[in-house]
Colleague: 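Sharing a structure below in structure tokens format, with a few things to ask.
Counting starts at 1 for both ligands and their atoms, in listed order. A quick note: this is a predicted structure, and the numbers were derived from the prediction, not measured. Atom set for the values below is all heavy atoms of this structure, side chains included, hydrogens, waters and symmetry mates excluded. Numbering of residues begins at 1 and proceeds along the displayed sequence.
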Amino acid sequence: MRTPVIAGNWKLFNTVAESLALVRDLKALVADAQGVEIVVAPVFTAIHAVAGELKGSTIAVSSQDVYWEESGAFTGEVAPCLLKEAGCAYAIIGHSERRQYFGETDETVNRKVKAALKAGLIPIMCVGELLEERESGKTMQVVAKQIKGGLADLPADDIAKIIIAYEPVWAIGTGKTATPAQAEEVHKSIRSLIAALAGTQVAVGMRILYGGSVKADNVDELMGQEDIDGALVGGASLKADSFARIVKFNK
Ligand code: 13P
């Protein structure tokens, strides 16, 4: 009932030429994949070219961030309507690297989610706890605060359009994946929280992705969990064959 989403976050990797080569290979490898939404998130400078290359394919494009204003004196920022024009259908918002290195807060995430929705982009809103927060038993407290903050003031029908990505910070780029049971526990709690915020129907339909060292050899087990509806993939999305294998997960 929930269409799975497999999204590749390329982070700060790939030139325009490298991005184009990657999606050309990927297009061929996933052409026969069915029942899955496939998304790639290149750096800003490659979005337009990648979207052009992917026109008519089954692969959609996301940005890795977005600003909340549509235009104005905001040097260095990129507006949601411009991302949409460049070919994006999705926007990753609140990635832990942005929270950690670029001062992203629940409040800025909330502004960005609202602006993305207004422009017709699907937000992929990221949440996740630090290692010390997990070790001190605060995982759900932290994740709930991020979700409530990120979704503040949004009506249920807007919440229904959003994708949430649970990415435990300690599992990102470390090769240390959350066990399927650890991930499922958090995903289930997130779904209950969404039910409390926006009703059961919205919660049942919401796609909740897992991110953090997802690879070709652990995706099947993760996707086998009831409340894991997809993956947000970093490192393993930079190679066409490994990302294609993740897209073709066995549930
Ligand atoms: P890795 O898959 O490289 O751990 O990165 C996960 C991530 O941050 C995706 O947004």
Colleague: Gly235 versus ligand 1: do any nitrogen or oxygen atoms come within less than 3.5 Å of each other?
Modeller: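 Yes.
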Colleague: Any ion pair linking Asp229 and Arg191 (charged N to carboxylate O, less than 4.0 Å)?
Modeller: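 Asp229 and Arg191: salt-bridged.
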Colleague: Is a side-chain N or O of Asp25 found less than 3.5 angstrom from the main chain of Leu22, in a donor-acceptor match?
Modeller: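 It does not hold such a pair.
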Colleague: Atom 5 (O) of ligand 1: which of His95, Lys11, Gln64 has the nearest heavy atom?
Modeller: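 Heavy atom nearest to atom 5 (O) of ligand 1 belongs to Lys11.
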Colleague: If you have a sec, work out which protein heavy atom is nearest atom 2 (O) of ligand 1 and how many Å separate them, to one decimal?
Modeller: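 The answer is Gly234 N, 2.9 Å.
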Colleague: Which atoms of ligand 1 sit under 4.0 Å from any heavy atom of Leu232?
Modeller: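 That gives atoms 9 (C), 10 (O) of ligand 1.
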Colleague: Between Asp153 and Lys114, does any side-chain N to carboxylate O distance fall below 4.0 Å?
Modeller: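 Answer for the salt bridge query: yes.
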Colleague: Of Arg99, Lys112, Arg111, which meets salt bridge (charged side-chain N to carboxylate O under 4.0 Å, His left out) against Glu104?
Modeller: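 Passing option: Lys112.
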Colleague: Under the 3.5 angstrom rule, does the side chain of Tyr90 hit a backbone N or O of Ile92 as a donor-acceptor pair?
Modeller: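 Not confirmed, Tyr90 side chain does not pair with Ile92 backbone.
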Colleague: Parallel, tilted or perpendicular, judged at 30° and 60°: which one describes the rings of Tyr210 and His187?
Modeller: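 Aromatic pair Tyr210/His187 classed tilted.
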Colleague: Counting each atom of ligand 1 from 1 as listed, which ones have a heavy atom of Glu167 under 4.0 Å away?
Modeller: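 Result: 6 (C), 7 (C), 8 (O), 9 (C), 10 (O).
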Colleague: May I ask you to list the atoms of ligand 1 that are less than 4.0 angstrom from any heavy atom of Gly212?
Modeller: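 Under 4.0 Å from Gly212, ligand 1 has these atoms: 4 (O), 6 (C).
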Colleague: Which atoms of ligand 1 sit under 4.0 Å from any heavy atom of Ser213?
Modeller: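 Taking each heavy atom of Ser213 in turn, ligand 1 has 1 (P), 2 (O), 4 (O) under 4.0 Å.
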Colleague: Check Glu129 with Lys138, please: is the shortest side-chain N to carboxylate O separation under 4.0 Å?
Modeller: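 A salt bridge is absent here (no side-chain N lies under 4.0 Å from a carboxylate O).
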Colleague: What do we get for Asn9 next to ligand 1 when only non-hydrogen atoms under 4.0 Å count, side chain, backbone, both or neither?
Modeller: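 Side chain only; the backbone of Asn9 stays clear of ligand 1.
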Colleague: Is the closest N or O pair between Gly173 and ligand 1 shorter than 3.5 Å?
Modeller: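 Such a contact does occur with ligand 1.
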Colleague: Should Glu97 be counted as touching ligand 1, given the test is an N or O pair under 3.5 Å?
Modeller: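 No; the residue has no nitrogen or oxygen that sits under 3.5 Å from a nitrogen or oxygen of the ligand.
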Colleague: Side chain or backbone of Ala171 under 4.0 Å from ligand 1, or both, or neither, by non-hydrogen atoms?
Modeller: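 For Ala171, the contact with ligand 1 is made by the backbone alone.
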Colleague: Would one find more than 12 heavy atoms of other residues, nucleotides or ligands at under 6.0 Å from atom CD of Glu18?
Modeller: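 Yes, the 6.0 Å shell around CD holds more than 12 heavy atoms from other groups.
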